[in-house]
*Asks:* 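The structure under discussion is supplied below as structure tokens; questions concerning it will follow.
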Amino acid sequence: MSGCRAGKGPNQDTPYRMLENSDLGFPSPTSVCFCSLIFSSLSHLAFLLIALQVSGTMYNTGRHVSLRLDKEHLVNISGGPMTYSHRLEEIRLHFGSEDSQGSEHLLNGQAFSGEVQLIHYNHELYTNVTEAAKSPNGLVVVSIFIKVSDSSNPFLNRMLNRDTITRITYKNDAYLLQGLNIEELYPETSSFITYDGSMTIPPCYETACWIIMNKPVYITRMQMHSLRLLSQNQPSQIFLSMSDNFRPVQPLNNRCIRTNINFSLQGKDCPNNRAQKLQYRGGCGGSESGGSRPELSLSA
């Protein structure tokens, strides 16, 4: 189990970056290097929605924006690297003080403006997320990168519109959201990257399987600005922005990072008969352009 204790970080005013690095075990987040990905014929993710729409309460925890689903409208996920079905418990948002940072995971050393994390627990083996978080095969976290754009993801638009986000300006504020469609949150891709790791907040149990989707979702510049106006503190305390609420990247420690993207596959299932490829494109070490610095661009 990796260490995950508060300590002196590069910016002591941020709620996450104070977590010290761990050189042991399987901590998260990590930096994904394209050149080290291992192809695995993993199935697509499968969803079971007990109801077409769900409801939940959105919180300002002082560390992050959290949407916790109610227990009447269940969302289960299976397939991919999972042996068991897992139930959606919570959605968390991580974001930066500027657009060049904010995501917990990195791709070829480069961050995104934010990261959505859908936290699921193994409901076949465990009765709740607290028990599952301490146990083997306990958690699955689906991670989706956020980019700033002119348009907004429909699900995130419900969370981040001005009337909603201003209800949780201060720590411990909460606001009920109803009529949400989880399927709207996911980008249009069945491709992903996966590895075994930990949760990124204390006590950082190493019981999480991470699934990083191969396309981002988008929010507007105004919505990102609204996130940065959220406070870590209560109204009676000094304002401290919640932004930069990410844990520093942790060492990979010889773990395998797998993907269901077959780079060599060509044929009728590939658009324009072209080989499948990552939507996140960039070099790792030496690149085709001959430079050593990774350059990353994102397909729309």
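Quick note: numbers below take in every heavy atom, side chains included, and nothing from hydrogens, waters or symmetry partners. Note that the structure is predicted; figures quoted are calculated from it, not measured. Numbers here are sequence positions counted from 1.
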*Asks:* If you group Ile, Leu, Val, Met, Phe, Trp and Tyr by side-chain heavy-atom gaps below 4.5 Å, do Met242 and Tyr170 land in one group?
*Replies:* no

*Asks:* Val140 and Tyr126: same hydrophobic cluster, using ILVMFWY side-chain contacts below 4.5 Å?
*Replies:* no

*Asks:* Give a yes or no answer on whether the side chain of His64 reaches the backbone of Gly62 with a donor-acceptor pair at less than 3.5 Å.
*Replies:* no

*Asks:* Within the structure provided, determine whether Val148 and Met224 are in side-chain contact (heavy-atom separation under 4.5 Å).
*Replies:* yes

*Asks:* May I ask you to check whether Ser143 and Gln117 show a side-chain donor-acceptor distance below 3.5 Å?
*Replies:* no

*Asks:* Indicate yes or no: at least one non-hydrogen side-chain atom of Arg68 is less than 4.5 angstrom from one of Thr61.
*Replies:* yes

*Asks:* Quick check: does any side chain N or O of Asp163 sit under 3.5 Å from a backbone N or O of Thr166, one acting as donor and the other as acceptor?
*Replies:* no

*Asks:* Among Asn122, Asn128, Asn76, exactly one meets side chain to side chain donor-acceptor pair (under 3.5 Å) together with Arg87. Which residue is that?
*Replies:* Asn76

*Asks:* When you measure from the side chain of Ser135 to the backbone N and O of Gly138, does any donor-acceptor pair fall under 3.5 Å?
*Replies:* no

*Asks:* Would the distance check show the side chain of Gln223 and the main-chain N or O of Thr220 forming a donor-acceptor pair, the cut-off being under 3.5 Å?
*Replies:* yes

*Asks:* Hey, are Asp173 and Gln234 close enough side-chain-wise for a donor-acceptor pair under 3.5 Å?
*Replies:* no

*Asks:* Quick one: do Arg221 and Asp99 make a salt bridge, cutoff under 4.0 Å?
*Replies:* yes

*Asks:* Quick one: closest heavy-atom pair of Phe192 and Asn260, and the distance?
*Replies:* N-OD1, 2.9 Å

*Asks:* Looking only at the side chains, is there a donor atom on one of Ser100 and Glu98 sitting less than 3.5 Å from an acceptor on the other?
*Replies:* yes

*Asks:* Could you walk me through whether Thr169 and Leu229 pass side chain to side chain contact (heavy atoms under 4.5 Å, CB included), step by step?
*Replies:* CA-CA 7 Å; Thr169 299; Leu229 292 178; over 6 Å; no

*Asks:* Tell me whether the count of non-hydrogen atoms from other residues, nucleotides or ligands lying under 6.0 Å of CG in Asp150 goes above 12.
*Replies:* no

*Asks:* Flag yes if more than 12 heavy atoms outside Glu183 fall under 6.0 Å of its CD atom; otherwise flag no.
*Replies:* no

*Asks:* Contact between Leu93 and Glu115 at the side-chain level, heavy atoms closer than 4.5 Å - yes or no?
*Replies:* no

*Asks:* Count the heavy atoms belonging to other residues, nucleotides or ligands that lie under 6.0 Å from CD1 of Ile38, then report whether that count exceeds 12.
*Replies:* yes

*Asks:* Looking at Pro248, Pro27, Ser28, which hits side-chain contact (heavy atoms from CB on, under 4.5 Å) with Thr200?
*Replies:* Ser28

*Asks:* Judged by atom type as modelled, is there a donor-acceptor pair below 3.5 Å linking the side chain of Asn108 to the main-chain atoms of Phe34?
*Replies:* yes

*Asks:* Look at the aromatic rings of Tyr186 and Phe47 and report parallel, tilted or perpendicular, splitting at 30° and 60°.
*Replies:* perpendicular

*Asks:* Does Arg247 reach the side chain of Ile201, with side-chain heavy atoms less than 4.5 Å apart?
*Replies:* no

*Asks:* For Gln250 and Thr30, run side chain to side chain contact (heavy atoms under 4.5 Å, CB included): C-alpha distance rounded to whole Å, both residues' side-chain angles, the deciding distance at 0.1 Å, then the answer.
*Replies:* CA-CA 5 Å; Gln250 304 294 303; Thr30 190; 5.6 Å; no

*Asks:* For the residue pair Asp244 and Gln101, confirm or rule out a side-chain donor-acceptor distance under 3.5 Å.
*Replies:* yes

*Asks:* Which pair of non-hydrogen atoms, one from Cys209 and one from Thr194, has the smallest distance, and what is that distance?
*Replies:* SG-OG1, 3.5 Å

*Asks:* Please tell me whether Tyr195 and His105 have a donor and an acceptor in their side chains that are separated by less than 3.5 angstrom.
*Replies:* yes

*Asks:* What are the two closest non-hydrogen atoms of Pro81 and Arg258, and how far apart are they?
*Replies:* CB-NH2, 3.7 Å

*Asks:* Check Ile168 against Tyr59 and note the closest heavy-atom contact, atom names and distance.
*Replies:* CD1-O, 4.1 Å

*Asks:* Is the side chain of Asn153 donor-acceptor paired with the backbone N or O of Glu184 at a distance under 3.5 Å, no angle test?
*Replies:* yes

*Asks:* Using every non-hydrogen atom in the two residues, find where Ser78 and Ser85 come nearest and quote the distance to one decimal.
*Replies:* CB-CA, 4.3 Å

*Asks:* Quick one about Gln232 and Gln237 (side-chain donor to acceptor, distance below 3.5 Å, no hydrogens or angles considered), yes or no?
*Replies:* no

*Asks:* Tell me, do Thr57 and Leu67 make a side-chain contact under 4.5 Å, heavy atoms counted?
*Replies:* no

*Asks:* Hey, any chance Leu177 and Ile219 share a hydrophobic cluster, counting ILVMFWY side chains that come within less than 4.5 Å of each other, even indirectly?
*Replies:* yes

*Asks:* Is the shortest side-chain heavy-atom distance between His94 and Ser243 below 4.5 Å?
*Replies:* no

*Asks:* Should Arg92 and Glu104 count as an ion pair when the cut-off is N to O under 4.0 Å?
*Replies:* no

*Asks:* Using modelled atom types and a 3.5 Å cut-off, is there a donor and acceptor pairing between side-chain atoms of Ser226 and backbone atoms of Met222?
*Replies:* yes

*Asks:* Is Ser198 reaching over with its side chain to a backbone N or O of Glu206, donor-acceptor style, under 3.5 angstrom?
*Replies:* no

*Asks:* How far apart are the closest heavy atoms of Asn181 and Phe155, and which atoms are they?
*Replies:* O-CD1, 3.2 Å

*Asks:* Under 3.5 Å, is there a donor-acceptor pair between the side chain of Arg255 and the main chain of Leu252?
*Replies:* yes

